[in-house]
Amino acid sequence: TWTSGRSQEQQVDANELRQNVRVSPLTSSRSFRASGTNLAPVLLRPKSAPASEAVNLILKDDGRGKDSPGGDNADVWMKSPISSNSLQNNSLREALYRISELENRLKEMEYKVPKKYPDVVFLNYKDRKRIMVTGGAGFVGSHLVDRLLLEGHEVIVVDNFFTGRKLNVIHWMGHQNFELIHHDIVNPLFIEVDQIYHLASPASPPHYMFNPVKTIKTNTIGTINVLGLAKRVGARVLIASTSEVYGDPEVHPQKETYWGHVNPIGPRACYDEAKRVSETLAYSYQKQESVPVRVARIFNTYGPRMHMNDGRVVSNFIIQALQGEDITVYGSGKQTRSFQYVTDLVDGLVKLMNSNYSLPVNLGNPDEHTIDEFATIILGMVGGSSRVVYKDAVEDDPQRRRPDITRANEQLNWAPLVPLSRGIQKTVKYFREELERSADSQKNTYNVENGPPTQNYIEERPLLTTN
Ligand SMILES: O=c1ccn([C@@H]2O[C@H](COP(=O)(O)OP(=O)(O)O[C@H]3OC[C@@H](O)[C@H](O)[C@H]3O)[C@@H](O)[C@H]2O)c(=O)[nH]1
């Protein structure tokens, strides 16, 4: 060590020195030659002085190399007002050097302190897969990304952020197994992956009807791009299809063998028909190009990370109840839906992807309720003074929907586990926090007096959602 073998007097009080000088970060331990008097110069500036007025305090010229910060490059620095004669003591030089070393090490360590990530399983090279998730920053996609990363896989999220949000995956940013690509899958993409979950598409009726042509392109051209990529690199593809391929069904509950009842020119057709084409494309690529495909027909799904403006019934009713606003039932309220919690869906998606089963599989919770009943359930759980009001019916609104999940059960050994009451509880908690935060964020708007927005929103957000 630097002080070993030296007398007490020779040792310099590093703290005192610290108060008078600050060592420039440009000083690198690598450029220092520690032997004999061959001491490298140290760039110093008075602590109070701004960096632009930094001074070059050259303790000793001997041994300066061109590559050292005090060497030829030092011309850019002002000459020191402190005379080198005033710092003749070798111990002082050593102490200064030691401070600079410690400061540099501190800086290096600050950069190295890892962000805290959820614990992921370690998978060896053979078992670890590189998995692309289109729409991975969305509501369902981000939960799937959590699951895959926790299992030890490498995940590449591809999202155009139309309905997805960086906030949904922010807890993985910087993780070595995680990558985020801002890309619209309507344009081709050339990367190497083992599996692709193709979830990219707006899913809520108001969102997919917002730009019907874009919805069609995403689910047709986007799917062609994904299947083309899979063909090139030999990847397996899971297509996120929907219960909407059954349209307003005349068969109840819906089995995968039912061909559906879709109005091809109605307002929902941009989604329903595009998803039907997406399925057709998948099986065409499988037959013609030997691309292994899986098709999940996803029924109504809810949970944390749904967008506040999602517009679907679960988020609408919960937010309305939390804010004491009217609960808006469209139509008679006698139409039915069956709601599954998002982690159940993710479990089904992963099981399906890794199964040997290639025909479409329904993933949904068969627990069916009328929308009227559902309003009562939400009101009962949230409390408050909201009234139920009836609005115009939505055009082509499916009147009954419940999945037959026999196939998922037999082929994947899958069934939903989270009861509605528990899932809704978690979702209510999430929306309550979202509302509080969005009220808070009004205060954080950047202005000269308040400074930039705080990080609280990100830091206080729960990392993962579990069953
Ligand atoms: O505020 C509302 C919102 C919706 N509703 C009604 O609640 C029912 C459910 O509507 P949602 O908008 O939540 O969802 P939908 O069932 O119509 O469509 C969904 O179906 C399955 C998924 O694959 C799709 O992502 C989505 O399109 C409909 O009958 C709708 O009219 C209301 O009564 N009030």
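First listed ligand is number 1; within each ligand, the first listed atom is number 1. Sequence positions, counted from 1, serve as the residue numbers for this chain.
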Review point. Which ligand 1 atoms does Ser243 reach within 4.0 Å, using its non-hydrogen atoms?
Key: 21 (C)
Point to revise | CG/Asn187: more than 12 non-hydrogen atoms of other groups inside 6.0 Å | key: yes
**Study point:** Proximity flag Lys391 to ligand 1, non-hydrogen atoms under 4.0 Å
**Key:** no
**Study point:** Heavy-atom nearest neighbour in the protein, as seen from atom 34 (N) of ligand 1, with distance rounded to 0.1 Å
**Key:** Thr328 O, 2.7 Å
Exercise for review: Specify whether Tyr246 and Tyr258 have parallel, tilted or perpendicular ring planes, treating 30° as the upper limit for parallel and 60° as the lower limit for perpendicular.
Suggested key: parallel
Review point. Would Phe374 count as a contact of ligand 1 if the rule is a heavy atom under 4.0 Å away?
Key: no
Review point. Do ligand 1 and Ala203 have nitrogen or oxygen atoms that lie under 3.5 Å from each other?
Key: yes
Revision key, fill the gap. Closest to atom 1 (O) of ligand 1 by heavy-atom distance, out of Val313, Asn316, Val314, is Asn316
Review point. Does the N or O separation between Ser204 and ligand 1 drop below 3.5 Å for any pair?
Key: no
Check your understanding: Should we count OH of Tyr283 as having more than 12 external heavy atoms under 6.0 Å?
Key -> yes
**Study point:** ligand 1 N/O within reach of Val394 N/O, cut-off under 3.5 Å
**Key:** no
Check your understanding: Would you call Asp194 and Arg236 a salt bridge, using N to O less than 4.0 angstrom?
Key -> no
Exercise for review: For atom 9 (C) of ligand 1, grab the closest protein heavy atom and report residue, atom and distance to one decimal in Å.
Suggested key: Arg337 NE, 3.5 Å
Practice item. Determine, for Glu244 against Arg268, whether the closest basic-nitrogen to carboxylate-oxygen distance falls under 4.0 angstrom. Key: yes
Review point. Any idea which protein heavy atom is nearest atom 21 (C) of ligand 1, and the distance to it?
Key: Arg401 NH1, 3.3 Å
Revision key, fill the gap. Numbered in order shown, the ligand 1 atoms found under 4.0 Å of a heavy atom of Tyr208 are 27 (O)
**Study point:** Main-chain N/O of Asn362 paired with Lys255 side-chain donor or acceptor, under 3.5 Å
**Key:** no
Review point. For atom 14 (O) of ligand 1, which protein heavy atom lies nearest, and how many Å away is it?
Key: Asn300 ND2, 3.5 Å
Exercise for review: Please work out whether any backbone atom (N, CA, C, O) or any side-chain heavy atom from C-beta onward of Asp397 is under 4.0 Å from ligand 1, and answer side chain, backbone, both or neither.
Suggested key: side chain
Review point. Which one holds for Ile298 and ligand 1: side chain close, backbone close, both close, or neither close, with close meaning a heavy atom under 4.0 Å?
Key: backbone
Revision key, fill the gap. Honestly, for Arg312 the part within reach of ligand 1 (heavy atoms, under 4.0 Å) is both
Practice item. Indicate the ring-plane relationship of His307 and His207, choosing parallel, tilted or perpendicular according to the 30° and 60° boundaries. Key: perpendicular
Review point. Which of the numbered atoms in ligand 1 are below 4.0 angstrom from a heavy atom of Val329?
Key: 33 (O)
Check your understanding: To the nearest 0.5 Å, how far apart are CD in Glu434 and OG in Ser315?
Key -> 11.5 Å
**Study point:** For atom 18 (O) of ligand 1, closest protein heavy-atom neighbour
**Key:** Glu244 OE2, 3.0 Å
Point to revise | Salt-bridge contact Glu436-Arg432 (side-chain N to carboxylate O under 4.0 Å) | key: no
Point to revise | Asn219 side chain to Ser278 backbone, donor-acceptor under 3.5 Å | key: no
Review point. Tell me: protein heavy atom nearest atom 33 (O) of ligand 1, and distance?
Key: Tyr330 N, 2.8 Å
Point to revise | Heavy-atom nearest neighbour in the protein, as seen from atom 23 (O) of ligand 1, with distance rounded to 0.1 Å | key: Thr242 OG1, 2.8 Å
Check your understanding: In the protein, what heavy atom is nearest to atom 17 (O) of ligand 1, and what distance, to one decimal place, separates them?
Key -> Arg268 NH2, 2.8 Å
Check your understanding: Within the distance-only criterion (no hydrogens, no angle test), does the side chain of Asn300 pair as donor or acceptor with the backbone N or O of Phe339 below 3.5 angstrom?
Key -> no
Check your understanding: Taking heavy atoms and a distance under 4.0 Å, where does Lys275 meet ligand 1: side chain, backbone, both or neither?
Key -> neither
Review point. Can you name the one residue among His369, Glu368, Gln254 that meets side chain to side chain donor-acceptor pair (under 3.5 Å) with Arg402?
Key: Glu368
Practice item. Check whether any side-chain N or O of Glu103 sits under 3.5 Å from a backbone N or O of Glu101 as a donor-acceptor pair, and report yes or no. Key: no
